[in-house]
Amino acid sequence: MSINKENPKIDFVKNEHEILDYWAKENTFKKLVSKNQKGPKWSFLDGPITANNPMGVHHAWGRTLKDLYQRYKSMNGFQQRYQNGFDCQGLWVEIEVEKELGIKSKKEVEELGIEKFVNLCKERVEKFSEIQKNQSIRLGYWMDWENSYYTMSEENNYAIWAFLKKLFEDDKIYRGTDVVPWSGRSGTSYSQMEIIEGRKLTVHKGVFVKFAINERSNEHILIWTTTPWTLSSNIAVAVNRKINYAKVQIQDGTIFYVAETNLKYQRLNKEFSEKKNWVEGVPKLKTLDQIFKERGGYEVLEVLKGEDLVGLTYKGPFDHLEPQNTVGGFPIHDTSNLKKQSAVDCHIVIDGGKDSEGNDMVVEGEGTGFVHIAGGCGAIDNKICKKEGFVEISPIDNQANFIDGFDFMSGLSVTDPDTAQKIIDDLKDRNLLLYVEDYPHIYPHCWRSGDELVFKQVDEWYINMDWRKKIKAVVDDINWIPAWGKDREHDWLDNMGDWMISKKRFWGLALPIWTFEDGSFHVVGSKEELKELAVEGWEKFEGNSPHRPWVDYVKIKHPKTGLVGKRIKDVGNPWLDAGIVPFSTMKYFDDKSYWEEWFPADFITECFPGQFRNWFYSLLAMSSFLEGKSPFKTLLGHALVKDESGAEMHKSAGNAIWFDDAAEKMGVDVMRWMYSKQNVENNLLFGYDKADEVRKKLISLWNVYSFFCTYANLDNFKPHSHDISDKDLSLLDRWIISKSHQLTADAKLSYENFEVDKLLKNVESFLDDLSNWYIRRNRRRFWKSENDADKFVAYQTLYEVLLDLIKILSPIIPFVAERMYLNITKDDDNENNNSIHLSSFPQSNHSRIDNALIEKVDSLKRVIESGRAVRKKANIKVRQPLNSLKVYTANKEVKSFIQKQADIVIDELNIKEVVFSDNIDEFGKLFLKPNFKNLKMKFGDEMQEPMKSISTINAKTVLGNLLHGNSFPENSFELNKDDVLITLKAEKGSESFLAKDLIVCLDTTISEQLRLEGVLRDLIRQIQLMRKEANFNIDDRIIISGSFKNELKDVISENKDYFMNEVLCTDIVENMENSDYNASFMHNNEKIEIYIKKVERG
RNA sequence: GGGCUUAUAGCUCAGCUGGUUAGAGCGCAUCUCUGAUAAGGAUGAGGUCCGUGGUUCGAGUCCACGUAGGCCCA
């Protein structure tokens, strides 16, 4: 067998499919697992992907990182678990299933049947986990796909039960209340995000209501609200300490307090006049001034500060009802309310303080300057009540109807305008109402049902997080990449409240909490315990997963009191599901020795945003509670994927790119390169243009490879078939080998530090060296007809370098690397010919890194690059030959290096010769500059004097001594060569350059002969261009005719053979009929016409 | 309101503990190669390094204040 030729134009995508088939056929992954089965363990823990939709390109980033570090470790012989995880339970699945069913409310789910619904959720998860699996395989993600974990599995759910049981035994689980946005029709709560999506303009009744002050007769607080139903549950009134309040008396003698500026304030004036957020037909709002005047006029008796009102008590509008008088609140008795208050006891004027954005809670302008606080009916109200230790009243049920105890209101819907009207009528009857108006405003609505949202008190289950210190201690043991992750996690831990673990839904962890009629509850820690305590329904549960509705059938007997209780309806917070994974998947509860082998994980990687209070939090919380240590050692976080312009990808915006499309259009090797190259801290701007950029790098690698294959095939190259010694290696061979070993060393470091972006920067520059220097400068060694030792050395060198390079890259671009490997290693007995992924990561041999040589070649490259820059500055194109490059060096080795490489310089710079000079003066003027960095280190703040003394030192002497290896001239401050920097300025007509141990000078004067040579080459170039434009073949022969005069004519005739050979011309004629192509160009302000004609071959 | 963070070329980003002429890629312009060729290469234009003040021989870098974004918390 020999190495196959490869087409320079490769279809990367097609190759990926071929390699996938190959891996499947060869069972390559299984071979890898068994190869490393006795190796040291490296434990990677996969964060579960939500199996609810097809995988997105943002998932592919994380999965690429997960895969490539696992592949790197496997190349180093590590044994791994390769376990992928699917996140299965939670509201997001329910929402998608509801969409499929075309239903929108919890009620509809219940009508359908929870069992049916939950089974649909399971089916959805199964369907999408399968799809995600196949997409991951397409990405080249090597996992043990038959052994994935699912968070809906029994082992995962029961592991959480065991965890919650421990907490329960430690008295960390309690029942509390919360006030949440609620949709009556859907019968469910909403998150803040969902609220923002569902805001709509609506008209509500704004009511001005009197609250009589107890301490002062006939004096009232004036309240304004657009939710009259909440008045039923009023607890307190808030003022702003700092603003002015007017004491106003109206015609009938009644006295009101209102914010002074509000009297004449034109509410929603702008909205009304610009008809922005205004509803057609709603009249302009009246000022308080107007309202009072309509009631016979008014008088301001006094102006005082809000502070003076704090502490007053008042009579609420519904104090005659039972809920207002129930100690401990209504309907949920909060037994922790030590003050034994009822709502009436809480009717106090308080300071509103600041809201969540730091603004005053109570402001002038809006309303009356008094805010009615109903702790069971508003999120902010609830916080204030909790802070003040007040009770809460929650007047509504799940459908947002008034519950019993609220007189005529009971049973009415609070969002129904008729209900508002009935309440208004009642207030009017009892002379508590001053005024009613229509008030348009933007109000939250349910984004699914379109219903108005209300705020409802719910009872929820919490974990008391008073042991946060334990978690914080663990955070410091983790290697956070990027490092600021640690601070971010601490920040969250410092600020988090107790962990609310309940959610009133259907599909999720069944919280193992059973409640009893005496108000007690019991947490069940395992299936066995449940069976033991079960008194009813076990037979309906047995054989089913521990989910609703099956587990709900089981009633248990309280182990102490013997009371029979039911499970709460709630499901668990899905982060419990993901947080238990280091225990459930590593068999903590049933195979401790296995767990000890793999815990803690060495590495996890996830998308950073959000996870500090989600997955990372739940992992750390659960692990620090159970074991007191972190479940992972290193955490690599990465940012988000955005579209190419930096905008969020959205289905609706049309800028989303689907993984499947991207994979088949750009190819996954390109994608993986793109992900790997990205600095994980920055958002990745994903798109096809960026992919093209990356593809160029891949093509560059492919070109190197296909060049190698083309000639290796021709010459039937077999690796290691001849012995070669160091002496056989050319300078450039040794140079590229040095570079290659350096790259290998750097690559190892980058992988070990989880910084592959740095690796790819190194690779890209190495590829440039390999392609544009090593191969370009060595091409002739491969072309030449003799099959000599030098040719073999060239092959062997390129082979070794290429092999190491693709091995280094194989974790990142597994497909193309595999193809290259399989082809080039066919005849290499040292290599495992089955897969690059079964080979070992290359070893860097330090002794093969010749730093001095690297520096020399680098300076040679610099010489050439600066030569080009000089040409550009002098406006001399490369086509114009120049005379010489003059070199000064005292180092014999360097001198011989330059001499050996002279042809490179001559070729690249289009010069005639490289000459050597012994006179520094010929290169230009020298200057000495202080090396501040060194001087600072040496003299500290005392560097002024030594710095000045540098100007007294002779630069030429310094440089001369330096280049000849002599010591630095003596001076009073004991300065040495490291304390100065030497610069060089060349004479006119030349350009000089100072490299490490040599000086070069390019002569930019153009002699008449050189100029004419340039003229000829220009002409040749013109004709070559014409050949191309005429679409002639490279080997077509032509006849030329042209209006060549004067010097052009001379220069052609003087160099006739050369000229004709270059352009493959068989004859130059005076006149030509029927030319194939003609063109003209300007020379010395004269238009030159040229005609060419193809010679028919015969 | 509190915390964190960012601001550098048209765009996306580097710039280590302060140090010499602030870099890269893309884009743009010009040129170039034509035996790896639907590629490749070179050169160039383009920057008040957000602003103001301070520390220093020296500030993109450190400090203070401000401005504008982002994230988190409340």
Side-chain angles (χ1 to χ4, degrees), chain A residues 6-9 353-360 380 383 482 484-497 608-610 612-613 639-640 642 644-646 677-679 681-685 687 689-690 692-697 699-711 757-758 761 764-765 768 770-773 775-776 778-780 782-783 864-873 875-880 907-910 927-937 939-948 980-983 1017 1021 1024-1025 1027-1028 1034-1035:
Chain A
E6 285 278 21
N7 191 332
K9 292 170 229 160
K354 309 270 185 186
D355 73 359
S356 62
E357 272 146 27
N359 302 318
D360 287 335
I380 296 165
K383 282 207 184 78
W484 51 261
K486 183 200 272 191
D487 296 331
R488 184 57 76 75
E489 192 63 48
H490 274 301
D491 189 47
W492 160 250
L493 291 169
D494 288 335
N495 290 300
M496 70 181 191
F608 250 3
F612 293 100
R613 53 186 182 138
L640 301 164
K642 301 279 169 109
E644 224 149 8
S645 65
K677 192 181 165 180
Q678 180 70 10
N679 178 343
E681 289 192 51
N682 298 331
N683 288 338
L684 173 62
L685 308 189
D689 290 338
K690 183 149 186 152
D692 285 340
E693 241 178 79
V694 169
R695 186 181 296 102
K696 281 184 185 169
K697 305 289 175 193
I699 287 173
S700 183
L701 174 65
W702 186 264
N703 281 340
V704 169
Y705 161 76
S706 96
F707 172 87
F708 172 77
C709 293
T710 304
Y711 294 100
D757 56 323
K758 289 188 183 158
K761 275 180 194 117
E764 286 176 10
S765 111
D768 185 59
L770 182 61
S771 168
N772 290 322
W773 273 90
I775 292 188
R776 198 163 56 90
N778 280 295
R779 276 184 288 197
R780 282 174 205 287
F782 297 91
W783 301 338
I864 290 165
E865 274 155 24
S866 57
R868 289 205 184 103
V870 169
R871 281 178 163 278
K872 184 76 188 179
K873 221 168 264 170
N875 208 11
I876 305 167
K877 45 188 148 187
V878 182
R879 216 181 301 133
Q880 172 62 58
D907 196 35
E908 296 282 339
L909 287 182
N910 191 17
F927 301 91
L928 277 191
K929 276 187 180 176
N931 183 344
F932 293 106
K933 201 168 184 174
N934 251 15
L935 290 171
K936 173 80 173 186
M937 270 158 61
F939 300 100
D941 292 336
E942 314 284 306
M943 64 190 275
Q944 291 304 311
E945 290 303 314
M947 207 172 78
K948 279 178 199 160
V980 295
L981 298 159
I982 307 162
T983 55
R1017 289 189 56 159
R1021 160 89 191 134
Q1024 301 286 30
L1025 205 64
R1027 291 176 56 103
K1028 191 175 179 181
I1034 282 173
D1035 53 355

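In what follows, chains carry the letters A, B, and so on, assigned in the order in which the sequence lines appear, proteins first and then strands, with residues in each chain numbered from 1.
- Between the side chain of A:E6 and the backbone N or O of A:Y705 there is no donor-acceptor pair closer than 3.5 Å.
- Comparing B:rA42 with B:rG25, their P atoms are spaced 9 Å from each other, to the whole Å.
- Of the listed nucleotides (B:rC72, B:rA14, B:rG40), B:rG40 has the atom at the smallest distance from the side chain of A:N772.
- With B:rA36, B:rC4, B:rC73 as the choices, the nucleotide that has an atom nearest any side-chain atom of A:W492 turns out to be B:rC73.
- When distances are taken from the side chain of A:N682 to each of B:rC13, B:rC72, B:rA36, the shortest belongs to B:rC13.
- Counting non-hydrogen atoms under 4.0 angstrom, A:D494 reaches nothing in the nucleic acid.
- In this structure, of B:rC71, B:rU12, B:rA36, it is B:rA36 that holds the atom nearest to the side chain of A:S771.
- Here the separation of B:rG58 from B:rA22, taken at their C1' atoms, is 15 Å to the nearest Å.
- Mapping A:Q678 and A:R613 onto RNA chain B by nearest heavy atom places A:Q678 closer to the 5' end of the strand.
- Comparing the C1' positions of B:rA24 and B:rA59 gives a spacing of 23 Å, expressed to the nearest Å.
- Taking the P atoms as reference points, B:rC73 lies 26 Å from B:rA64, given to the whole Å.
- Here the nucleotide nearest the side chain of A:F707, chosen from B:rG3, B:rA36, B:rA14, is B:rA36.
- When the nucleotides B:rG40, B:rA36, B:rC72 are ranked by their closest atom to the side chain of A:K696, B:rG40 comes out on top.
- Between A:R776 and the phosphate of B:rA36, there is no side-chain N or O to OP1/OP2 separation shorter than 4.0 Å.
- Relative ring orientation between A:F707 and A:F782 is described as perpendicular, the plane-to-plane angle rising above 60° on a 0-90° scale split at 30° and 60°.
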Salt bridge (charged side-chain N to carboxylate O under 4.0 Å, His left out) evaluation trace for A:D692 with A:R695: CA-CA 5 Å; A:D692 285 340; A:R695 186 181 296 102; 2.5 Å; yes

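- Comparing A:I699 and A:V704, the nucleotide of RNA chain B nearest to each residue sits closer to the 5' end for A:V704.
- Between B:rG66 and B:rC4, the distance separating the two P atoms is 15 Å to the nearest Å.
- Not a single donor-acceptor pair under 3.5 Å links the side chain of A:E764 to the backbone N or O of A:K697.
- With sequence neighbours excluded, the residues satisfying salt bridge (Lys or Arg N to Asp or Glu O under 4.0 Å) with A:K758 are A:E755.
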Derivation of the side-chain contact (heavy atoms from CB on, under 4.5 Å) call for A:F608 and A:R488: CA-CA 10 Å; A:F608 250 3; A:R488 184 57 76 75; over 6 Å; no

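- Contact annotation: A:N683 side-chain N/O to B:rC13 OP1/OP2 distance is not under 4.0 Å.
- Counting only distance, with no hydrogens or angles, the side chain of A:Q678 and the backbone of A:N683 share a donor-acceptor pair below 3.5 Å.
- Between the C1' atoms of B:rG19 and B:rG60, the separation comes to 13 Å (whole Å).
- Among B:rG41, B:rA36, B:rA14, the nucleotide with an atom closest to any side-chain atom of A:N703 is B:rA36.
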Pairing annotation in dot-bracket form, given for RNA chain B with Watson-Crick or G-U pairs under 3.5 Å and | for cross-strand partners: (((((((..((((.....[...)))).(((((.......))))).....(((((..]....)))))))))))).

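- Taking atom C1' in both B:rG23 and B:rU61, the straight-line distance is 15 Å, to the nearest Å.
- Here B:rA42 presents its C1' atom at 12 Å from CH2 of A:W773, a figure rounded to the nearest Å.
- Across B:rU6 and B:rG15, the matching P atoms stand 11 Å from one another, rounded to whole Å.
- Under the rule for a side chain to side chain donor-acceptor pair (under 3.5 Å), the partners of A:D494 that lie at least two apart in sequence or sit in another chain are A:K472.
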